[in-house]
Structure formats: structure tokens, C-alpha cells
Amino acid sequence: MNKFVKGAALVSAVAFGTVALAGCGKSSSDSSSKATTVNMYMPGDKPKNYDAMIKRANKEIHKTYKNINLKMNFIGWGDYEQKYNVMVTSGSGYDLAFAQSYTSNALKGAYADMDSELKSGGVANKAYKQVDPAYWKGLKIKGKTYGFPVNANIYAQNMLTFNGDFLKKYNININDVDSYASMETALAKFHKEKPGVAAFAIGQGYRASPKHMDFPLGNGLPFAIDSSGANKKVVNVYDTSEMQGILKTLHSYYQKGYIPKDAATSSTQYNLQDNTWFISQETQGPFDYGDSTLIRNAGGKQMKSKAVTDPYKSSAQAQVAVWTISKTSKHKKEAMQVLNLLNTNKTLLNNITWGLEGTQWNFTDKAKGKIKITSKYKPNTFIGAWMMGNNKNLYTQDSTTEAMIKKRDQSIKDAKTSAALGFNPDTSSLKTEITNLSNVMSKYLDILNTGTADPVPTIKKMDKELKAAGYDKVQKELQKQYDAFLAKQ
């Protein structure tokens with residue numbers, strides 16, 4: 001899901017609170033025996049029912065590991081990246097942390113190597129075997145594994161999501177929509193009816209999406225690789241005919257008033273449940289069960305999505321949600337044991353991600369893992385499953401049918417593997433150039449992607465500045481590393 005249209009439930013599911021960073025890696029004692037406390041750091045607000053949640057979690061952990069206690073430490077989303085970087089650069093001996101900039105920090109030697117505990121005989125081998133192999137390939141750094149992924153949306157597609165209320169009210173047909181260009185008829189009809197409502201609700205930070213491109217340094221920089229493998233060159237995505245075609249389309253929409261006039265500078269968020277938008281760009285993966293997650297997060301409001309990108313398993317998706325252990329942690333084995341349980345013990349995982357059984361939810365069919373939520377299932381009473389553990393172990397509501405689950409699993413099997421899966425370049429020798437290139441891109445990303453600027457002359461100007469900032473040097477090094485990567489496949 002993107003930053004512009006959010007449901008209240010989703011915001012709460014991924015928002016947890018701020019705590020100090022003191023106490024990393026310390027042991028604690030209870031009245032009966034000495035126990036090791038595994039400190040886990042994550043972004044967001046502390047759930048309102050945290051005390052009851054962690055008490056139940058530790059009770060479940062003690063069934064397997066009597067002398068391990070888990071403590072979750074929450075840092076606000078706005079502060080997490082900065083405080084996480086302090087933890088990493090200072091060599092803090094945290095036990096578990098939700099990774100940021102996984103590849104670069106792994107290359108710096110910040111994380112403990114997990115391979116010995118993942119292989120046969122290791123404490124997390126059971127969990128390891130339940131994770132899609134594409135994750136492990138996407139997390140390899142110079143042949144080693146430094147993170148444990150949350151097994152969920154190993155592929156994802158960007159979707160054009162249409163507001164169901166407006167589709168119905170104005171009888172708008174979207175059957176033929178499969179690209180930015182093909183949604184114009186729907187946009188035009190809606191804009192004529194409701195010119196005061198954002199037809200395409202995008203804003204600052206929005207990124208248009210080619211059908212199948214990997215961005216080895218992230219989409220804040222222009223370097224891109226064809227996921228299909230048909231083209232093996234590292235290119236400037238903004239120089240491709242596909243991307244320029246998309247941007248020309250968006251620019252025409254901007255000129256016609258379909259995109260908000262302040263899109264390049266606006267931080268406006270359009271709530272899913274509100275009728276302040278007609279189309280939003282959302283990201284969906286197999287565990288979203290089509291539009292089911294969006295609709296649930298919008299309180300039942302109907303939506304219909306159409307894909308504009310192809311389903312590829314990629315390094316970017318493999319690294320969406322990764323848990324790492326500090327290289328200096330004093331409790332590496334215990335941290336791996338906790339990860340193993342979070343990814344294999346359904347009772348432990350579901351009493352965190354759904355809230356507490358008997359309070360936030362109850363079983364309707366325990367044998368099949370079917371549940372019904374209660375009126376107490378509310379924001380800040382659970383932690384988002386996308387960041388906690390193996391999503392295949394989640395209980396499902398009755399509305400999630402067996403047919404939907406089979407379709408989910410089949411779609412994962414059918415998804416293509418990006419040619420660049422596992423390509424995690426080492427840019428340690430390019431720090432100055434990447435900083436300079438990032439500064440250039442910051443001037444152009446928003447005005448180009450929101451359609452605010454005429455793309456052809458703007459890209460021409462941008463490319464000159466990129467060249468002066470060191471684009472050629474970085475492209476050459478990335479190409480060299482990608483060629484070597486491909487040669488080993």
C-alpha cells in the first residue's frame with residue numbers, strides 16, 4: 001500500500017511507539033531463575049494491550065525455552081530509521097532489530113551471520129525450511145545470510161485501485177484498464193462528474209512503475225535492471241521509452257486536472273474509507289488476497305484494483321521485512337531461537353498479530369485455523385503480521401476461503417523470478433557519487449513522477465546534472481558487478 005491512501009486499521013497495524021534505546025542485550029532475572037531477555041527493536045507505537053500480549057507470548061516461549069524472555073521495544077516510525085542507524089553505527093549489542101538498509105549495513109559488517117543456525121542442526125532450521133527459497137537468495141550478501149525474512153509477499157504488484165463507491169455511482173467501466181494510459185476514459189468521466197475530488201490521488205514521494213524493472217539501489221536513484229532478463233544492461237530508467245511514455249501520460253493528466261496541482265509538494269493523505277479520491281496506486285501481494293486487505297482496512301468499503309506491473313520475485317521484496325541480530329549481541333543463539341518460534345509456533349505468532357485470543361478474537365474452527373474478530377479488535381491491539389513472522393502460519397477469518405488460500409499459494413508458485421534476484425551490489429567505493437546523485441534526483445523525482453513537469457526537456461536537464469554528479473562511474477561499477485553476478489547464475 002502506498003503512502004497517499006491509507007486505512008485507519010492499516011495505519012494502526014504498522015504504527016507502534018517510542019522507547020529509549022537503553023538496555024540492549026542485558027540479561028534479566030525473575031524470582032525463580034536467571035533468564036535471558038532477548039531485546040527486539042521495531043518501528044511503531046506500543047500496543048495498548050502490550051503487557052498482556054508479552055506476558056502471553058513469554059508463556060508460550062517458555063514451553064520450549066524456559067529461560068528466554070522476549071521484550072519488544074517500540075520506536076516511532078518517524079524516529080526509527082535515525083535511531084536504528086545510531087544503534088548500528090555505535091555497535092550497540094541489540095539482539096533483534098527490524099532492518100533498515102539491509103544490504104549496506106550487512107556489507108559494513110553490522111550483523112551476525114545466521115547461516116550456521118539456519119542449516120540442518122541449527123536452532124532455526126525448522127523455520128528456515130518453511131520460507132520461500134527466493135527470500136534466502138534475495139538476502140545473500142557475498143554468499144552469507146545476515147537476516148531472517150518475514151515469509152509473506154515475496155512478489156508484489158503495483159495496482160491502480162478504484163474507489164468502488166464512485167464506480168457504482170457514475171457507472172464507470174474499468175474492465176479494459178491495464179496501464180496508466182488505459183485508465184484515461186475512467187479518469188475523464190469521473191473528473192467531469194466530480195472535479196473537486198482528486199481523480200488520481202498521488203503526491204510527494206509517489207513513483208510511477210514500469211512493468212518489470214528492478215532498482216538495485218532503490219527507486220530514489222535512476223539505475224534499473226530489466227526483471228525479465230531480456231536486457232542485461234543497467235540503465236537509467238528515465239531514459240527508457242517505457243518510462244518516458246508513462247511520464248508523458250501522467251503529464252497530460254496533470255494538465256487536464258486529473259492529478260492535484262500541488263502533487264509534487266503535497267503530503268496530503270487520502271484515507272481509504274473516505275470519498276476524497278477516485279484512483280490510488282497501491283501495492284498488493286499474494287497474502288493480501290486481492291482487494292480483501294484493502295477493503296478490510298477501509299471498514300468494508302468496496303474497491304477494485306487493476307495491475308500495472310508484472311509479478312516478480314525480487315530482492316526488493318525479499319528485503320521488505322527482515323530481522324537482524326547485532327554482530328555484538330551477547331544472545332545470538334537465544335535471538336535465533338525466538339525467531340524460530342515466531343516463524344513456527346502459530347499460537348505465539350497469532351496472539352501478537354491478531355491480538356489476544358478471547359479478547360480480540362475467538363476460534364470458529366480451531367482445527368482449520370478459522371477465527372472471528374470481536375468488537376475489541378481495534379487499532380493498537382495487534383502488531384502487523386507483515387513484520388512479525390511466517391504469514392503462512394496466520395489464522396484466517398471465515399471470509400478468507402480455502403479457494404482464496406489455494407489461489408494465493410498457486411500465484412506464488414506461478415510468479416516469475418527476477419533476473420536480478422540476489423543481486424545486492426557493493427557500493428562502498430561509490431559513497432560520494434551516490435550522495436551527489438541522490439541530491440540531483442531529489443530535485444526531479446517528484447516533479448517527474450507526479451506529471452508536474454514536461455518529461456522530455458526535464459529529463460534532458462536532469463541527465464546532464466547526473467552525468468556531472470558521477471552517473472557514469474556508478475553505472476560502470478554496477479554493470480561490472482551485475483555481469484559478474486549473472487556469470488555465476
Side-chain angles (χ1 to χ4, degrees), residues 21 23-26 36-43 68 70-75 80-119 122-125 127-128 131-152 154 216-218 314-343 386-390 421-429 431 434 481 485:
L21 295 181
C24 272
K26 292 182 178 179
T36 296
T37 296
V38 172
N39 276 282
M40 179 183 232
Y41 290 86
M42 66 182 75
I68 294 179
L70 175 63
K71 180 183 178 184
M72 297 178 177
N73 302 281
F74 302 92
I75 302 171
Y80 187 74
E81 184 173 7
Q82 187 269 330
K83 290 187 176 181
Y84 175 88
N85 288 336
V86 171
M87 289 169 64
V88 170
T89 56
S90 67
S92 171
Y94 65 83
D95 300 317
L96 290 168
F98 192 78
Q100 306 287 290
S101 303
Y102 168 79
T103 297
S104 61
N105 282 317
L107 286 166
K108 292 175 184 174
Y111 305 141
D113 177 1
M114 295 184 177
D115 283 314
S116 63
E117 300 295 2
L118 297 175
K119 66 183 182 181
V123 298
N125 181 249
Y128 170 83
V131 173
D132 189 302
Y135 278 102
W136 301 119
K137 187 172 182 181
L139 289 173
K140 285 289 184 183
I141 307 294
K142 293 187 175 181
K144 295 191 176 186
T145 310
Y146 296 98
F148 199 104
V150 175
N151 187 61
I154 187 55
L217 302 184
S314 67
S315 292
Q317 283 303 118
Q319 296 179 20
V320 164
V322 181
W323 289 98
T324 58
I325 300 172
S326 172
K327 189 175 182 178
T328 58
S329 167
K330 295 180 180 179
H331 312 122
K332 296 182 181 70
K333 183 174 182 178
E334 291 87 350
M336 289 301 302
Q337 289 170 326
V338 169
L339 285 177
N340 187 62
L341 287 183
L342 282 170
N343 286 277
W386 70 276
M387 67 185 299
M388 285 309 304
N390 189 343
L421 175 66
F423 177 56
N424 297 310
D426 184 350
T427 59
S428 57
S429 64
K431 292 180 181 179
I434 288 176
Q481 292 188 34
F485 168 81

Checking ring-ring contact (aromatic ring centres under 6.0 Å, His included) for the pair W386/F98: CA distance, chi angles, key distance, verdict? CA-CA 12 Å; W386 70 276; F98 192 78; 5.7 Å; yes
Using every non-hydrogen atom in the two residues, find where [X] and [Y] come nearest and quote the distance to one decimal.
X    : Y    : answer
M42  : Y80  : C-CE1, 3.5 Å
G93  : T328 : CA-OG1, 3.3 Å
V150 : G389 : CG1-O, 3.2 Å
G138 : A318 : CA-CB, 3.9 Å
N343 : P149 : OD1-O, 4.2 Å
F423 : P425 : O-CD, 3.5 Å

Is there a donor-acceptor pair closer than 3.5 Å between any side-chain N or O of [X] and the backbone N or O of [Y]?
X    : Y    : answer
N105 : Q100 : yes
T324 : G147 : no
E117 : V123 : yes
N340 : A127 : yes
T36  : I68  : no
W323 : M387 : yes
N85  : E81  : yes
Y102 : Y146 : yes

Plane angle bin for Y111 and Y84 - parallel if under 30°, tilted between 30 and 60°, otherwise perpendicular: tilted
Would you call the rings of F148 and W136 parallel, tilted or perpendicular, taking 30° and 60° as the class edges? perpendicular
If you draw a 6.0 Å radius around NZ in K333, do more than 12 non-hydrogen atoms from other residues or ligands fall strictly inside? no
Residue pair S315 / L421, side-chain heavy-atom distance below 4.5 Å: yes
Please report the interatomic distance [atom1]([X]) to [atom2]([Y]), rounded to the nearest 0.5 Å.
X    : Y    : atom1 : atom2 : result
Y41  : D95  : OH    : CG    : 8.0 Å
K142 : T103 : NZ    : OG1   : 12.0 Å
I141 : D426 : CD1   : CG    : 9.0 Å
K332 : S116 : NZ    : OG    : 10.5 Å
L70  : M40  : CG    : CE    : 6.0 Å
L118 : N125 : CG    : CG    : 8.0 Å

Partner set under salt bridge (charged side-chain N to carboxylate O under 4.0 Å, His left out) for K140, not counting sequence neighbours: D115
Give the C-alpha distance, both sets of side-chain angles, the deciding distance and a yes or no for side-chain contact (heavy atoms from CB on, under 4.5 Å) between Y135 and I154. CA-CA 7 Å; Y135 278 102; I154 187 55; 3.6 Å; yes
